[in-house]
*Asks:* 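Here's a structure for you.
Chain naming here is simple, since letters A, B, ... match the order of the sequence lines and numbering starts at 1 in each. On a predicted model such as this, the values are computed, not experimentally measured, just so you know.
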Number of protein chains: 2
Amino acid sequence: MNLSIAEENYVKAIYKLQDGDTAVTTNALAYELDTKPASVTDMAKKLKEKQLIDYEKYQGITLSSEGRKTALQIVRRHRLWECFLVDKLAFSWEEVHELAEELEHVRSEKLTNRLSEYLGNPTVDPHGDPIPDAHGKMVKPRPQTSLDQANAKRLVVTAVTDQSTALLAFLNAKGIGLGTQLEILAHYEYDNSIEIKIKHAPALTISEQVAKNIMVRPV
Amino acid sequence: MNLSIAEENYVKAIYKLQDGDTAVTTNALAYELDTKPASVTDMAKKLKEKQLIDYEKYQGITLSSEGRKTALQIVRRHRLWECFLVDKLAFSWEEVHELAEELEHVRSEKLTNRLSEYLGNPTVDPHGDPIPDAHGKMVKPRPQTSLDQANAKRLVVTAVTDQSTALLAFLNAKGIGLGTQLEILAHYEYDNSIEIKIKHAPALTISEQVAKNIMVRPV
DNA sequence: AAAATTATTTAGATTTGTCTAAATAATAAT
DNA sequence: ATTATTATTTAGACAAATCTAAATAATTTT
């Protein structure tokens, strides 16, 4: 099947938002893709026509098995290019998302597989997210929660879910990156802020909003 | 300026066809881009609006200096990706054109420059074509003519201008590739064929049509 | 130089992906 | 169980890039 870049982006976004077999809502998808709900409805009809999603009016969207396969291919390409940019071209991990967003749309299995091989068939990308192999299989992501609802005290940063340049640059400035070890000092309910301390650095306060996008696991 | 992929392809094609200050015709551009003359006229108006070309009705198209700059950037990206695919991912020179055709549209100067550096700032691509540097400067292409109008007898293949997969596979089957040394045995006018002999191989006959796309220099 | 041919442009339509505004359905609140 | 609110869909429009068919300009031929 020959998908347009727009269609690929929808499939990828549905994959990202779909948790288990819970259907993705029109509004959530519109927000994720920075577009309008009406546009999502339009595209849903097209993707249903192409059998990539299951969709009934007002019932939300789920990927079909064909759609899931397609999504995994796109995710694979995205994460491999991120590895390439970081490992080979010395980009920093917060710069690569937007570039990979473009490179991922070059749909050549041969290129993808050669790239993977060249990189030593990595199983996780620079953000800590697992890379599907050529058959769509991937290692199960390490047990991780977002920082705002972690209950352990000593944590290590494993990923950042919102990969906007703005947020990533912000975290970089604060000294927070992949692998950063930190400790939760306090969680203030009244202003939704979290006080943390990074190893060998003074304590600092971040908003819950930001903490939601920082994935961590106990260390 | 933010160009669409279609606009970039037009600029690149105009650059390719424009020889000196001779204007490119609507028909030639339509043929090159495998589209219709009417579409070229439509796009010419848009590119003129964006000041990338000089264009007056019925007078043909030439790149403006801004357009030339843009074209060189695209050509630079294309040829660097070709180098990457051949040098790093072990693609053969005839496979890379179509992939580079997609990769070239990722417009990031930082990526382009890092890629160039990673490849050792190459000055020619796997087809023997020169690669513009970050400022648009490139080495002057080696003196080469197409095989059908070469007058020297002993020649070496330096490039293939029509990089369609079909032609490249055909040449590959015949044992003709970049760097292949050959000798012109005869040029038959009455059926527009050329008889050549490749080193260490029996003589073979190719059409003038094919020979037009094989660039050679005396050896 | 008129006629024939070829090249180019215009006019109007189509597809893709998007939008706004209005209508309808689903859900939540009273 | 109505009412209010929120979510979703429909209807109609638009921009980009293309097309076909018809009109016009340029060039070549006789």
Side-chain angles (χ1 to χ4, degrees), chain A residues 1-19 22-63 67 70-71 74 101-102 104-107, chain B residues 1-15 17-19 22-63 67 70-71 74 101-102 104-105 107:
Chain A
M1 181 121 40
N2 237 0
L3 299 188
S4 69
I5 288 177
E7 289 168 332
E8 283 200 344
N9 284 334
Y10 271 88
V11 168
K12 190 175 55 139
I14 296 163
Y15 175 83
K16 180 178 171 186
L17 295 182
Q18 190 180 340
D19 192 14
T22 319
V24 175
T25 66
T26 304
N27 266 1
L29 198 46
Y31 183 77
E32 171 71 22
L33 289 166
D34 194 24
T35 184
K36 297 290 179 289
S39 308
V40 171
T41 302
D42 290 343
M43 183 60 93
K45 290 174 187 166
K46 291 174 201 165
L47 294 179
K48 181 185 179 173
E49 185 63 33
K50 294 195 172 189
Q51 318 220 7
L52 292 163
I53 62 171
D54 296 317
Y55 168 67
E56 294 300 331
K57 270 198 207 186
Y58 299 106
Q59 301 307 127
I61 296 168
T62 54
L63 286 179
T70 301
I74 302 166
E101 204 78 355
E102 300 196 53
E104 74 189 4
H105 296 297
V106 179
R107 311 164 202 62
Chain B
M1 182 122 40
N2 239 0
L3 300 189
S4 69
I5 289 176
E7 289 170 331
E8 283 201 344
N9 283 335
Y10 271 88
V11 168
K12 190 174 55 138
I14 296 163
Y15 176 82
L17 295 181
Q18 190 179 340
D19 191 15
T22 320
V24 175
T25 66
T26 302
N27 267 1
L29 199 45
Y31 182 80
E32 171 71 21
L33 289 166
D34 195 23
T35 184
K36 296 290 179 291
S39 307
V40 171
T41 302
D42 289 344
M43 183 60 94
K45 290 174 186 165
K46 292 174 200 164
L47 295 178
K48 181 185 178 172
E49 186 62 34
K50 294 195 172 190
Q51 318 221 8
L52 292 164
I53 61 172
D54 296 317
Y55 167 67
E56 294 301 332
K57 268 198 207 184
Y58 300 106
Q59 301 307 126
I61 295 167
T62 53
L63 286 177
T70 301
I74 302 166
E101 203 79 353
E102 300 196 52
E104 75 189 6
H105 298 296
R107 309 165 201 65

*Asks:* In Å and rounded to the nearest 0.5 Å, what is the CG to CG distance from A/L63 to A/L17?
*Replies:*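 The CG atom of A/L63 sits 10.0 Å away from the CG atom of A/L17.
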
*Asks:* Given the rule in the side-chain contact (heavy atoms from CB on, under 4.5 Å) test, do B/Y10 and B/L33 qualify, once you have shown the distances and angles that lead to the verdict?
*Replies:* CA-CA 8 Å; B/Y10 271 88; B/L33 289 166; 3.4 Å; yes

*Asks:* Taking atom CD of A/E8 and atom CD1 of A/I74, what is their separation to the nearest 0.5 Å?
*Replies:* 4.0 Å

*Asks:* Got a list of protein N/O to nucleotides 21-29 of chain C N/O distances below 3.5 Å?
*Replies:*
from	atom 1	to	atom 2	distance (Å)
C/dA25	O4'	A/Y58	OH	3.3

*Asks:* Kindly indicate whether the side chain of B/M1, heavy atoms from C-beta on, has any atom under 4.5 Å from the side chain of B/Q51.
*Replies:* no

*Asks:* Give, ordered by number, those residues of residues 25-36 of chain B having at least one heavy-atom distance below 4.0 Å to an atom of DNA chain C; if nothing qualifies, reply none.
*Replies:*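 Per residue number, the list reads B/T25, B/T26, B/N27.
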
*Asks:* I need the CG-P distance between B/N2 and D/dA16, as an integer number of Å.
*Replies:*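 Result: 13 Å.
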
*Asks:* OP1 or OP2 of C/dT9 less than 4.0 angstrom from a side-chain nitrogen or oxygen of B/K45, does that happen here?
*Replies:*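 Indeed not, no polar side-chain atom of B/K45 lies that close.
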
*Asks:* Are any protein N/O atoms closer than 3.5 Å to N/O atoms in nucleotides 12-17 of chain C? If there are, list each pair with its distance.
*Replies:*
from	atom 1	to	atom 2	distance (Å)
C/dG17	OP1	A/S4	OG	2.3

*Asks:* Would you compute the distance between atom CD1 of B/I53 and atom CG of B/L47 and round it to the nearest 0.5 angstrom?
*Replies:*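 Rounded to the nearest 0.5 Å, the CD1-CG separation comes to 5.0 Å.
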
*Asks:* Apply the test side-chain contact (heavy atoms from CB on, under 4.5 Å) to residues B/Y55 and B/T41: give CA-CA distance (whole Å), side-chain angles for both, the deciding distance (0.1 Å), then the verdict.
*Replies:* CA-CA 10 Å; B/Y55 167 67; B/T41 302; 3.7 Å; yes

*Asks:* What distance do B/N2 atom CG and B/R107 atom CZ have between them, rounded to the nearest 0.5 Å?
*Replies:* 6.5 Å

*Asks:* Quick one: is D/dT9 close enough that its OP1 or OP2 comes under 4.0 Å of any side-chain N or O from A/T41?
*Replies:*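 Checking D/dT9 against A/T41, a side-chain N or O does come within under 4.0 Å of OP1 or OP2.
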
*Asks:* Applying side-chain contact (heavy atoms from CB on, under 4.5 Å), run through A/H105 and B/E102 and close with a yes or a no.
*Replies:* CA-CA 9 Å; A/H105 296 297; B/E102 300 196 52; over 6 Å; no

*Asks:* Should B/E7 and B/K50 be marked as a side-chain contact (heavy atoms from CB on, under 4.5 Å) after you check the CA-CA gap, both sets of side-chain angles, and the distance that decides it?
*Replies:* CA-CA 10 Å; B/E7 289 170 331; B/K50 294 195 172 190; 3.2 Å; yes

*Asks:* Quick one: CG on B/L3 to CG on B/L52, what's the gap to the nearest 0.5 Å?
*Replies:*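 Between B/L3 CG and B/L52 CG, I get 5.5 Å after rounding to 0.5 Å.
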
